[in-house]
Amino acid sequence: MRGAVPTYDLYGENHPKRPDFWLHWETIASRSQLHNWEIKTHRHDAFFQILYFRGGTGDAVFGSQSHPICPPVMITVPPKCEHGFRFSRNMDGIVMTMLASRFGSSGRPVCDAGTQPRLISLTSGHADTIFLTQSIERLSAELISGSAFHDDLVESYLKTIVLLAVRMTPPQHPNTSDGTGDRLKLLQTLVNQHFRNHHPAEFYAAHLGLSATHLNRIVKAATGQSTNGLLAGRLVDQAKRDLVFTSASIKQIAYDLGFADPAYFTRFFTKETGRTPRQYRTEQSARMVV
């Protein structure tokens with residue numbers, strides 16, 4: 001039988017207390033050469049890791065599965081995920097270990113234990129590949145330089161990298177019983193693409209391979225609102241942005257949001273927010289006056 005999988009802060013290190021850092025980085029060689037270029041299977045309770053490989057070869061082991069490392073490649077490892085690595089002696093790369101709780105999106109964690117490890121080839125044809133590679137290299141340079149605005153830039157680069165990694169690994173099995181999180185991510189993408197078209201819930205359910213009733217149950221369990229409420233909320237959110245950050249007329253905003261009748265847009269917005277578009281714009285403009 002396989003023995004118990006150890007839990008570390010950094011690999012090979014056990015501390016009676018949490019270290020007082022939220023981010024640690026080091027080269028792959030600096031730690032792995034101390035362990036004969038093999039990082040045995042272990043996990044981290046509260047830390048999320050990003051590994052970036054420029055050259056060399058190796059294998060990543062997640063649980064009982066082994067995956068070849070073919071640089072350039074990026075690997076993300078969420079908390080509580082069993083993982084280990086075997087590296088060639090010429091492996092060129094870095095590993096960043098950070099508090100998972102540091103990052104979230106729309107109030108929800110993107111680095112939590114419910115996510116899966118991701119191995120992302122940086123030679124793929126995905127539209128974000130070049131930008132992701134550039135972001136990692138800029139982060140690597142920033143970690144070394146420590147120039148002005150260092151902390152803010154590091155955090156900004158890291159969040160960009162993590163979110164791009166999530167976006168570049170779309171759900172593979174949206175119809176499986178345990179794919180609720182993947183369905184919701186795909187739903188969010190579809191809503192962002194089509195909300196101006198005012199499609200009914202059935203449109204989104206069909207794209208997800210679900211009935212409208214089943215989709216509504218999933219959305220309500222995750223967000224506390226119906227699918228129609230989610231769609232209305234996306235329209236309202238964009239309307240608020242347009243009212244505050246553009247000088248477009250309310251009539252033009254209505255048309256841009258897919259409303260054929262500006263009067264109907266006003267009624268819709270008032271029902272959802274308790275204020276007319278004009279009242280909301282005036283109120284927000286007053287708040288921004290210094």
Side-chain angles (χ1 to χ4, degrees), residues 23 25 28 44 47-63 65-81 83 85 91-100 102-143 153-176 178-195 204 207-209 222 234:
L23 171 69
W25 76 277
I28 297 295
H44 312 282
F47 292 106
F48 180 88
Q49 287 189 312
I50 295 174
L51 297 96
Y52 171 51
F53 303 94
R54 299 185 187 91
T57 59
D59 296 289
V61 180
F62 302 131
Q65 295 186 328
S66 179
H67 306 269
I69 299 173
C70 302
V73 67
M74 168 183 161
I75 297 176
T76 62
V77 183
K80 303 187 186 301
C81 172
H83 62 285
F85 300 98
M91 181 59 81
D92 176 21
I94 63 172
V95 56
M96 291 162 279
T97 303
M98 70 199 80
L99 282 171
R102 186 85 175 196
F103 296 101
S105 177
S106 301
R108 304 183 65 150
V110 294
C111 304
D112 66 2
T115 58
Q116 296 298 312
R118 294 176 169 88
L119 195 153
I120 302 171
S121 171
L122 298 177
T123 59
S124 72
H126 194 285
D128 288 325
T129 298
I130 294 176
F131 187 63
L132 177 58
T133 303
Q134 292 173 340
S135 297
I136 298 173
E137 289 291 359
R138 289 292 299 270
L139 173 60
S140 299
E142 185 61 40
L143 288 169
L153 281 170
V154 165
E155 189 160 358
S156 178
Y157 284 137
L158 277 170
K159 187 165 187 179
T160 297
I161 290 165
V162 169
L163 293 176
L164 283 173
V166 173
R167 190 163 74 179
M168 289 177 66
T169 50
Q172 298 178 349
H173 304 290
N175 291 323
T176 57
D178 60 346
T180 298
D182 288 341
R183 291 191 188 102
L184 289 170
K185 290 176 186 175
L186 184 53
L187 174 63
Q188 183 181 43
T189 299
L190 290 169
V191 170
N192 286 335
Q193 291 173 346
H194 300 287
F195 73 94
Y204 297 97
H207 275 71
L208 294 170
R234 182 63 182 87

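- Side-chain contact between Gln134 and Ile130: present, with at least one pair of heavy atoms (C-beta onward) separated by less than 4.5 Å.
- Taking OH from Tyr204 and OG1 from Thr189, the interatomic distance works out to 11.5 Å, rounded to the nearest 0.5 Å.
- Between atom CG of residue Asp92 and atom CD1 of residue Ile28 there is a gap of 9.0 Å, rounded to the nearest 0.5 Å.
- The shortest heavy-atom contact between Leu184 and Ala222 is CD1-CB, 3.4 Å.
- Contact check for Glu137 versus Pro72: no side-chain heavy atoms found under the 4.5 Å cut-off.
- Atoms NE2 and CD1, on His83 and Ile75 in that order, are 10.0 Å from each other to the nearest 0.5 Å.
- Taking CG from Leu153 and CG from Leu143, the interatomic distance works out to 10.5 Å, rounded to the nearest 0.5 Å.
- The shortest side-chain heavy-atom distance between Val154 and Leu139 falls under the 4.5 Å cut-off.
- Looking at Ile69 and Leu51, their side chains never come closer than 4.5 Å, going by heavy atoms from C-beta outward.
- Ring orientation note: the planes of Phe85 and Phe62 are nearly perpendicular, at an angle over 60° on the 30°/60° scale.
- Nearest approach of Asp59 to Pro68, heavy atoms of both residues: OD1-CA, 3.7 Å.
- Proximity of Ile50 to Met98: side-chain heavy atoms (C-beta onward) are separated by under 4.5 Å at one or more points.
- Here CZ of Phe53 is found 10.0 Å from CD1 of Ile94. Values are rounded to the nearest 0.5 Å.
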Tell me, with the steps shown, if Phe47 and Leu99 meet side-chain contact (heavy atoms from CB on, under 4.5 Å). CA-CA 5 Å; Phe47 292 106; Leu99 282 171; 3.7 Å; yes

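- In this structure, Met96 CE and Gln49 CD are separated by 10.0 Å, a value rounded to the nearest 0.5 Å.
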Show your reasoning for whether side-chain contact (heavy atoms from CB on, under 4.5 Å) applies to Glu142 and Ser156. CA-CA 11 Å; Glu142 185 61 40; Ser156 178; over 6 Å; no

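- Taking every heavy atom of both residues into account, Ile120 and Val73 meet most closely at O-CG2, 3.2 Å.
- Thr129 has its side chain within reach of Met168: a pair of non-hydrogen atoms, C-beta onward, lies under 4.5 Å apart.
- Contact of the Met74 side chain with the Thr133 side chain is not registered, since no non-hydrogen atoms from C-beta on lie closer than 4.5 Å.
- Side-chain contact check for Thr76 versus Val162: every heavy-atom pair is 4.5 Å or farther apart.
- Within 6.0 Å of CD in Gln193 there are more than 12 heavy atoms belonging to other residues, nucleotides or ligands.
- Other residues, nucleotides and ligands contribute over 12 non-hydrogen atoms within 6.0 Å of the CZ atom of Arg234.
- In terms of heavy atoms, Ala100 sits closest to Pro79 at CB-CG, 3.6 Å.
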